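On a predicted model such as this, the values are computed, not experimentally measured, just so you know.
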Amino acid sequence: MVKRFEELEFKDDFMFCIIMKNPKYCKPFLETVLGVKINHIEYPSAQESIDLSLDAKSVRLDVYVEDREGTVYNIEMQTANKHNLPKRMRYYQGVIDLNILEKGRDYRDLKKSYVIFVCTFDLFGKGRHVYTFENRCVQDLGLALGDDTVKIILNTKGTEDDVNQEMKELLDFIDGKGAGTGFTRELEEAVQSARGNEKWRIDYMTLQMSYQEKFEEGYERGIERGIERGIEQEREELALRMVREGELSAEKIALYTGLSLKKIKEFQEML
């Protein structure tokens, strides 16, 4: 069921993108997650949607920012476990790298990048609040590959005592348990303020209408394909009966049913 704009929470994709596109909230969010201080972040305007080529799959990134050192941060909200997140993270990382290289830069110029998925479910079932992945040697886990890529999966349903209080409050807030103090209180106020923004309300309604139109178009195409397949099946069943009876030639069966002569001969060989 589609939520009304006034009901959107921070974890809802549209609201998440609105809030996180303000450095006032995105910067401390990253600092809380990574445990580091970030001097400045920028939003490359061309990064909201990346198309590598006419034949490639287009990728829309929820939040894509860079800091002054050139480090790239991609943050995605995930509220449904579609059992494809590891492969999706791999794809996003590749798309980000290829997009940088398409600007004519050498692969040695690739900067450190973080792909961060904020999940409202425990993808691995280990109870951790944070799962951090880097490429390391299987035979020597102390040996890092040094490709400067980091993938982080946050789990709002964590049960382990593995994060500080600030991080715990942030994850609890995302999970809908209410705001604590400090940063989460600011996020709650930002959500309340956003709900009163008429432009964003219209944008949200327009987006939902677009989704509905695409769904209806797909549904209609599905019905048409179903009808066409049903007719095809009836023709094939009729042709099979004719072949079994053996009174008509393959050419006449093809003529009467509208199937190809090749198909009729396949039926004859099968029977």
Side-chain angles (χ1 to χ4, degrees), residues 10-11 13 16-17 19-20 23 25-41 47 59 61-100 107 110-175 177 180 182-184 187:
F10 180 71
K11 64 183 177 182
D13 193 60
F16 178 72
C17 291
I19 304 301
M20 294 297 285
Y25 307 110
C26 186
K27 181 172 171 289
F29 183 95
L30 287 170
E31 290 176 335
T32 301
V33 170
L34 302 177
V36 298
K37 197 69 178 174
I38 300 174
N39 292 326
H40 175 76
I41 60 172
Q47 304 308 323
V59 174
L61 305 179
D62 280 356
V63 181
Y64 183 96
V65 297
E66 298 178 0
D67 63 19
R68 280 198 176 132
E69 285 69 42
T71 302
V72 173
Y73 307 90
N74 170 220
I75 315 170
E76 304 285 327
M77 180 64 70
Q78 303 291 329
T79 58
N81 187 359
K82 298 181 180 179
H83 306 286
N84 64 356
L85 293 192
K87 293 292 181 66
R88 185 185 296 186
M89 296 186 89
R90 171 181 169 182
Y91 183 75
Y92 278 32
Q93 180 65 67
V95 166
I96 291 170
D97 289 345
L98 286 173
N99 181 65
I100 294 174
Y107 68 88
L110 289 173
K111 302 298 183 180
K112 188 166 187 174
S113 64
Y114 291 85
V115 177
I116 304 170
F117 276 25
V118 186
C119 300
T120 57
F121 51 87
D122 191 344
L123 180 63
F124 303 103
K126 300 292 186 179
R128 293 186 176 277
H129 290 89
V130 182
Y131 298 95
T132 303
F133 298 90
E134 296 180 355
N135 291 321
R136 294 183 176 273
C137 177
V138 174
Q139 290 77 20
D140 183 357
L141 295 180
L143 178 60
L145 180 62
D147 60 349
D148 278 341
T149 63
V150 182
K151 299 175 181 65
I152 299 175
I153 297 177
L154 304 181
N155 168 32
T156 64
K157 298 294 194 298
T159 56
E160 294 291 316
D161 183 18
D162 56 348
V163 293
N164 59 33
Q165 184 60 30
E166 186 180 14
M167 184 65 170
K168 182 68 166 56
E169 283 190 5
L170 176 58
L171 293 174
D172 284 345
F173 171 73
I174 295 171
D175 204 42
K177 296 182 175 67
F183 180 49
T184 55
L187 288 176

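- Heavy-atom contacts from other residues, nucleotides or ligands closer than 6.0 Å to CZ of Arg128 number 12 or fewer.
- In this structure, Val65 and Tyr114 have side chains that are not in contact, with every pair of non-hydrogen atoms separated by 4.5 Å or more.
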Please report the C-alpha distance between Tyr64 and Tyr73 in whole Å, then the side-chain angles of each, then the deciding distance to 0.1 Å, and finally whether the ring pair (Phe, Tyr, Trp, His ring centres under 6.0 Å) criterion is met.
-> CA-CA 6 Å; Tyr64 183 96; Tyr73 307 90; 9.5 Å; no
Before giving the answer on side chain to side chain contact (heavy atoms under 4.5 Å, CB included), spell out for Asp67 and Asn39 the whole-Å C-alpha distance, their side-chain angles and the decisive distance to 0.1 Å.
-> CA-CA 7 Å; Asp67 63 19; Asn39 292 326; over 6 Å; no
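- Under 4.0 Å is where a charged nitrogen must lie from a carboxylate oxygen, and between Lys111 and Asp148 no such pair does.
- Residues Pro23 and Pro28 share a closest heavy-atom pair of O-CD, 3.7 Å.
- How far CE of Met89 is from OG1 of Thr149: 10.0 Å, rounded to the nearest 0.5 Å.
- Taken from SG in Cys26 to CD in Glu31, the straight-line distance is 10.0 Å, to the nearest 0.5 Å.
- Here the SG atom belonging to Cys119 is positioned 10.5 Å from the CD1 atom belonging to Ile174, to the nearest 0.5 angstrom.
- Here the closest heavy-atom approach between residue Ser113 and residue Gln93 is recorded as OG-NE2, 2.8 Å.
- Atom CG of Leu123 sits about 5.0 Å away from atom CD1 of Ile153, to the nearest 0.5 Å.
- At least one side-chain heavy atom of Gln78 sits under 4.5 Å from a side-chain heavy atom of Arg88.
- Looking at every heavy atom in both residues, Met77 comes nearest to Phe10 through CE-O, 4.4 Å.
- Across every non-hydrogen atom of Thr120 and Thr79, the tightest pair is OG1-CA, 3.2 Å.
- For the pair Leu110/Asp147, no side-chain contact is recorded, criterion being any heavy-atom separation below 4.5 Å from C-beta on.
- Remark: His40 NE2 to Lys27 NZ distance equals 10.0 Å, nearest 0.5 Å.
- Ring orientation note: the planes of Phe124 and Phe133 are tilted relative to one another, at an angle of 30° to 60°.
- Open room surrounds NZ on Lys126; 12 or fewer heavy atoms of other groups in view lie less than 6.0 Å from it.
- Remark: Arg90 CZ is loosely packed, at most 12 non-hydrogen atoms of other residues, nucleotides or ligands lying under 6.0 Å away.
- Across every non-hydrogen atom of Phe121 and Ala80, the tightest pair is CE2-C, 3.5 Å.
- When Leu30, Ile75, Ile41 are each tested for a side chain to side chain contact (heavy atoms under 4.5 Å, CB included) with Val63, only one passes: Ile75.
- Within the model, atoms NE2 of His129 and OG1 of Thr156 stand 8.5 Å from one another, a figure rounded to the nearest 0.5 Å.
- By the 6.0 Å contact criterion, CG on Asp161 is open, its count of non-hydrogen atoms from other residues, nucleotides or ligands being 12 or less.
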Assess whether salt bridge (Lys or Arg N to Asp or Glu O under 4.0 Å) is satisfied between Lys11 and Asp175, documenting all intermediate values.
-> CA-CA 7 Å; Lys11 64 183 177 182; Asp175 204 42; 5.1 Å; no
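- Aromatic ring orientation, Tyr92 versus Phe117: perpendicular (interplanar angle above 60°, classes split at 30° and 60°).
- Glu134 and Val150 get closest at one heavy-atom pair: OE2-CG2, 3.8 Å.
- Partner of Met167 under the side chain to side chain contact (heavy atoms under 4.5 Å, CB included) criterion, out of Thr32, Asp172, Asp162: Thr32 alone.
- Between the side chain of Asn74 and the backbone N or O of Val115, no donor-acceptor pair lies under 3.5 Å.
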